[in-house]
Amino acid sequence: MLTRYHHKKVEKYWQEKWAEAKIFETKKNISKKKYYVLEMFPYPSGKIHMGHVRNYALGDVVARYKKMCGYNVMHPMGWDAFGLPAENAAIVEKKPPSEWTYQNIKTMRHQLQSMGLSIDWTREIATCHPEYYKHEQSFFIDLLNSGLAYKKKSLVNWDPVDKTVLANEQVINGKGWRSGADIEQKYLSQWFLKTSSYAEELLADLDKLNDWPAKVKLMQSNWIGKSTGAEIKFDILNPDNLSNKSINVFTTRQDTIFGATFCAISLNHPLAKELALMDKNVYKFIKENSKINPEKEKNGFRTAVLVKHPFIENKKLPVFIANFILMEYGSGAIFGCPAHDQRDLDFAKKYKLDILPVILPKNENPKNYKMGLKAYTGDGILFNSNFLNGMEIEGAKKSVLNKLISKNAGKEKIYYRLRDWGLSRQRYWGCPIPVLYREDGEIIPVAKKDLPVKLPSINNFVSSGNPLDQINEWKLTKCPITGMKAIRETDTFDTFFESSWYFLRYCNPRSKEALVKEDVDYWLPVDQYIGGIEHAILHLLYSRFFVKALRDTNHLKFNEPFKGLFTQGMVTHQTYKNINNGWLSPDEVSFDENKKKYKDNKNREALIGKIEKMSKSKKNVVDPTKIIEIYGADTARWFMLSDSPPSRDLEWTDSGVGGSHKFINKIWNLLVEINSIDSSSLSPKENYILNEKTNETIINVTNNIDEFHYNKSIANLHELTNLLQKLIAKKTVSKDCLLNSLKKLALLLQPFVPHLSEEIWKELKGSGLAISNQWPESKNKLSKDYCYIAIQINGKTKEVLKFDKKSTEEDIKSIALEKQKVKKMIMNRKIKKFIFVPEKILNVVLL
RNA sequence: GGGAGUAUGGCGGAACUGGUAGACGCGCCGGAUUCAAAAUCCGGUCACUUCGGUGGUGUGGGUUCGAUUCCCUCUACUCCUACCA
């Protein structure tokens, strides 16, 4: 046996053993309970980063633990392989995107394998492979035929740097999610999926996702953004030569209708367009204001149009065109009630419009009520409001609605913020959209027998525009039905399309059909999905939609893809800057003991920055391959799991990694020590302490794994290790008892540090592989015949005493009161009463 | 502007439904071992203290025999979202 633990040899050895035994290759097995563990698959960017290490270490704990608990575990891995970086690399490195991608996959696969993950590599998929994307082309045709996919010309978010269209979800603070460029609005003809028709179901089903973080559900719910209100028809009084005869307005505050003093419509509203044709000034206003950010300046144009108030005879409201009204939300038109909406109030002040309060705050007198400077949006009673006077807000809303319906001037209306998913991207490295534009103007799907529509290979990549558009031999084709000339769609799918169903394909990664029903039915839904919170809306919402859409096109028959979701925190690291505000990498910075200051490697002063998410731009990344090389995969994994709760950010520190490495060696030393113990000479007087602690550890580690509190599991394992170390040194426990505890420890370590676990198991002559063993079983806690009781005075603990469990309250009282400390505290004060909690507390309450 | 969350030693973090605050780890201090160092092991480590105690979980208050835990107030930080009618 080795006296020092050699991680390089050991880790390689066990990785080979697991592979030889095909231990992680899973087969469908109806007689066994399945468990599907999945971490979000990586983009093959070049090499793995610490975020991946954390993500996959977390998932591996679940997978190995569930396997040892007897589940038939599927734990696959693949590559989210389409995307823009490959095109950028193609330009810079002058090699095709496919070559770059497959090379990265090879590197990263190797890196992941060196972590010792329990992955079934036979199920590996790459989304850029035609055998993968041909199925999604087929899905798209089904969606097209069922009306869930459609094409329309629409205002889209255009990223001028990436030269492509982005979905709303991909625009963050007006900037592209990948390029960071300011997004422009452009009219383009685009493919869409009808996510909006699933808005209600996507919202309602959130309630059923009990194993999802409340935070993610809330974010999705806000994103879907359901609001219930009324659509009110305002008839146009004049001019009477307009083709628009009325304006439909959406509101959630129909109760404030009597406070309405104007209407406003969007720059893109049909009426605005009609007016622009008639009036140069309107045209000019619209043109100028489409460029002005309404956040900087809210502008309106008072048109000559007047509309009729639905309930007040003879009341006419002016109609404005305003730059802050969104055409994409509601009906693109509002009525303004300045007293109860801050924006309307600002607008009314700017254009000198009437302000009429109609909601009276509680405890105010209607006769002398004066509005404050801000719009009042709180609770109250209706006044100045005709038939609504005296009502509460909710009642007034219903009342208005009924009246509108009876007058045929409006109806109840529900709007969702969620809009349809724009799919088209003007990129090369994506899945071609399987559609042909025939010379007669018809748009037809490619025949399924002609799938996949493969990407053409490309030699010299140009930096602007869509390369597919320029390859005529690919683009020009014929209609398979009529033989007419046709042009291929040159746009490709948004890459979120691929990631919306990859978890299904893992069930039958090599089959000819896209989905083998019985396999998908067996494995899905994913029992535990693990990934970053940054996908809370984008990927997770698209995937949920996609499963529902596939259900409705008869590909599967369940409603939600991910039963359990866990979102882990980021891996952060200290940042450093030089005095010119430039980033310094941690390797460049050292601490100057004399000057008590940080300096860089050229002896200039360095400043400590914030602790931030590891990123290349901030130079605070730590390369996992180096860490695995120096310390081993087990150390890296152990560090990733200790200290910080998985849901929170984890700060990478060198000392923390050192500590983890020490622990691995400490455990190994236990084995070395135990072998030097002579079994015959021992008195087994403390066996029970070790047995009890071992059992308690099993209980705690198990519970903490179940609850994703791996940091606590690790603390439990530390405690047991410390005790074992102490007892081995004291030589007061029998060797059998030590060995028994150590064996259990080896199994408990398996999900966290699997290589070390196997090595210990082998040394202790355990049967088979550690990973193939049953998770240790715990007994109920041994019941002790004594207990500790805290003696408190006025709730403050003064003494902790050991008592026989059979002691009565009276016994305990008399003993406690005789204690010097207690006696002194009481002195000549009077005892008011005793609070007695059996086996826990005796509290003496003094007057 | 709207929504959500967090706040505990020098640091990361424990504390089950209110019941011994600070488990476990890091760091630090002292010691052992060593020619020396690394590594390892042992002990200590919330603060103040007249060594009897006293105070202490962001602030201020409340409920309770008893509050890190429940309620209210304020403060700071983080995240999401944003003219959504």
Side-chain angles (χ1 to χ4, degrees), chain A residues 4 172-174 214-216 218-223 225-227 229-230 249-254 256 263-264 266 293-296 298 322-326 328-337 341-344 346-347 374 377 415-417 533-534 536-537 569 638-639 642-645 648-651 653-660 662-663 665-666 669 673 700 703-704 707 709 711-722 725-726 729 788-801 820-821 824-825 832-837 839-846:
Chain A
R4 256 185 90 69
I172 294 146
N173 291 330
K215 188 184 175 173
V216 175
L218 185 72
M219 281 166 76
Q220 291 210 355
S221 154
N222 288 340
W223 188 262
K226 179 179 185 175
S227 48
V249 159
F250 176 66
T251 179
T252 54
R253 289 300 303 272
Q254 64 271 25
T256 64
C263 280
S266 164
N293 183 353
E295 241 169 278
K296 286 181 192 133
K298 287 185 175 53
N323 65 342
F324 66 94
I325 310 295
L326 301 169
E328 303 83 52
Y329 185 78
S331 56
I334 62 149
F335 75 75
C337 176
D341 182 297
Q342 191 57 44
R343 263 169 329 181
D344 294 351
D346 296 341
F347 194 80
K374 284 190 171 174
T377 53
Y415 267 104
Y416 299 90
R417 210 183 74 122
I533 188 94
E534 65 271 22
I537 295 169
W638 188 257
F639 175 67
S642 13
D643 285 358
S644 290
R648 285 206 220 167
D649 287 353
L650 169 103
E651 191 195 343
T653 60
D654 292 342
S655 58
V657 184
S660 298
K662 250 159 61 176
F663 178 77
N665 287 315
K666 188 169 166 177
N669 286 337
E673 302 276 318
N700 291 338
N703 290 342
N704 286 326
E707 286 163 36
H709 294 153
N711 56 323
K712 292 199 238 169
S713 297
I714 282 185
N716 304 143
L717 291 166
H718 269 291
E719 283 185 46
L720 180 59
T721 308
N722 290 344
Q725 192 177 50
K726 216 168 262 178
Y788 290 95
I789 293 183
I791 309 301
Q792 301 182 331
I793 290 180
N794 290 339
K796 292 268 175 196
T797 301
K798 297 299 166 189
E799 195 125 3
V800 179
L801 301 174
Q820 269 307 325
K821 247 188 191 174
K824 225 172 172 179
M825 294 296 299
K832 191 179 163 193
K833 62 171 168 178
F834 292 93
I835 307 276
F836 181 66
V837 183
E839 293 178 34
K840 268 188 180 163
I841 274 180
L842 177 73
N843 186 9
V844 186
V845 184
L846 300 176

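Throughout, a chain's letter reflects where its sequence line sits, starting with A, and its residues are numbered from 1. These values consider heavy atoms only, across backbone and side chains, with no hydrogens, waters or symmetry-generated copies.
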Original post:
Should B/rG27 be called syn or anti, with syn set as within 90° of 0?
Top reply: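 Here the answer is anti: the torsion falls beyond 90° from 0.
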
Original post:
Which glycosidic conformation, syn or anti, is assigned to B/rG55 if syn requires a torsion within 90° of zero?
Top reply: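 That one's anti.
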
If you only use heavy atoms from C-beta on, which nucleotide in [options] is closest to the side chain of [X]?
{"X": "A/Q792", "options": "B/rG19, B/rA85, B/rC24", "answer": "B/rG19"}
{"X": "A/T252", "options": "B/rA85, B/rG19, B/rU81", "answer": "B/rA85"}
{"X": "A/N843", "options": "B/rG25, B/rC65, B/rU20", "answer": "B/rC65"}
{"X": "A/E719", "options": "B/rA85, B/rC24, B/rG19", "answer": "B/rC24"}
{"X": "A/S655", "options": "B/rC26, B/rC42, B/rA23", "answer": "B/rC26"}

Subject >> Closest-nucleotide ordering on RNA chain B, the 5'-leading residue of A/N716 and A/R343 >> reply: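 First, find each residue's nearest nucleotide; the 5'-ward one identifies A/N716.
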
Subject >> Closest-nucleotide 5' rank along RNA chain B - winner of A/K666 and A/K833 >> reply: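 On the 5' side of the pair lies A/K666.
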
Have a look at [X] and say if it touches a base, only the backbone sugar-phosphate, or nothing, with a 4.0 Å heavy-atom cut-off.
{"X": "A/K798", "answer": "sugar-phosphate"}
{"X": "A/E328", "answer": "nothing"}
{"X": "A/K662", "answer": "sugar-phosphate"}
{"X": "A/I325", "answer": "base"}
{"X": "A/L218", "answer": "sugar-phosphate"}

For [N], which nucleotide is its Watson-Crick or G-U wobble mate, given both distances must be under 3.5 Å?
{"N": "B/rG1", "value": "B/rU81"}
{"N": "B/rA76", "value": "B/rU6"}
{"N": "B/rU33", "value": "none"}
{"N": "B/rA47", "value": "B/rU54"}
{"N": "B/rG22", "value": "none"}

Please state how far atom [atom1] in [X] lies from atom [atom2] in [N], giving the value in whole angstrom units.
{"X": "A/N669", "N": "B/rA39", "atom1": "CG", "atom2": "P", "result": "14 Å"}
{"X": "A/Q342", "N": "B/rA85", "atom1": "CD", "atom2": "P", "result": "15 Å"}
{"X": "A/D654", "N": "B/rG25", "atom1": "CG", "atom2": "C1'", "result": "16 Å"}
{"X": "A/L801", "N": "B/rU20", "atom1": "CG", "atom2": "P", "result": "15 Å"}
{"X": "A/Y329", "N": "B/rA82", "atom1": "OH", "atom2": "P", "result": "13 Å"}
{"X": "A/I793", "N": "B/rG53", "atom1": "CD1", "atom2": "P", "result": "11 Å"}

Subject >> Mutual orientation of the aromatic rings belonging to A/F663 and A/W638 [parallel < 30°, tilted 30-60°, perpendicular > 60°] >> reply: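 Because their plane-to-plane angle is under 30°, the rings of A/F663 and A/W638 count as parallel.
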
**OP:** Please report the shortest heavy-atom distance between A/E839 and A/I789, naming the atom on each side.
**Re:**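 So the minimum-distance heavy-atom pair works out to C-CG1, 4.0 Å.
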
Subject >> Contact summary for A/I325 and A/A333, nearest pair of heavy atoms >> reply: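 Reported closest heavy-atom pair: CG2-N, 4.1 Å.
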
**OP:** Would you tell me if any nitrogen or oxygen in the side chain of A/Q725 comes within less than 4.0 Å of OP1 or OP2 on B/rC42?
**Re:**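 For A/Q725, the contact criterion (side-chain N or O under 4.0 Å from OP1 or OP2 of B/rC42) is met.
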
Original post:
Would you say B/rG25 has OP1 or OP2 under 4.0 Å from some side-chain N or O of A/N722?
Top reply: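 Answer is yes, contact under 4.0 Å.
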
For [X] and [Y], indicate whether the former's side chain and the latter's backbone hold a donor-acceptor pair under 3.5 Å.
{"X": "A/N222", "Y": "A/G225", "answer": "no"}
{"X": "A/Q220", "Y": "A/A536", "answer": "yes"}
{"X": "A/R648", "Y": "A/G569", "answer": "no"}
{"X": "A/N704", "Y": "A/H709", "answer": "no"}

Subject >> Reading 5' to 3' through nucleotides 7-18 of chain B, protein heavy-atom contacts under 4.0 Å coded B for base, S for sugar-phosphate only, - for none >> reply: -----BSSS---

**OP:** For B/rG13 versus B/rG66, give the span between their P atoms, rounded off to a whole number of Å.
**Re:**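 Here B/rG13 and B/rG66 have their P atoms 32 Å from each other.
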
Original post:
Hey, what do you get for OG (A/S642) to CD1 (A/I714), rounding to the nearest 0.5 Å?
Top reply: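 Atom-to-atom, A/S642:OG and A/I714:CD1 are 4.5 Å apart.
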
Original post:
Of A/Y415, A/Y329, A/Y416, which meets side-chain hydrogen bond (donor to acceptor under 3.5 Å, both in side chains) against A/S227?
Top reply: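 With A/S227 as partner, A/Y415, A/Y329, A/Y416 yield a single side-chain hydrogen bond (donor to acceptor under 3.5 Å, both in side chains), made by A/Y329.
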
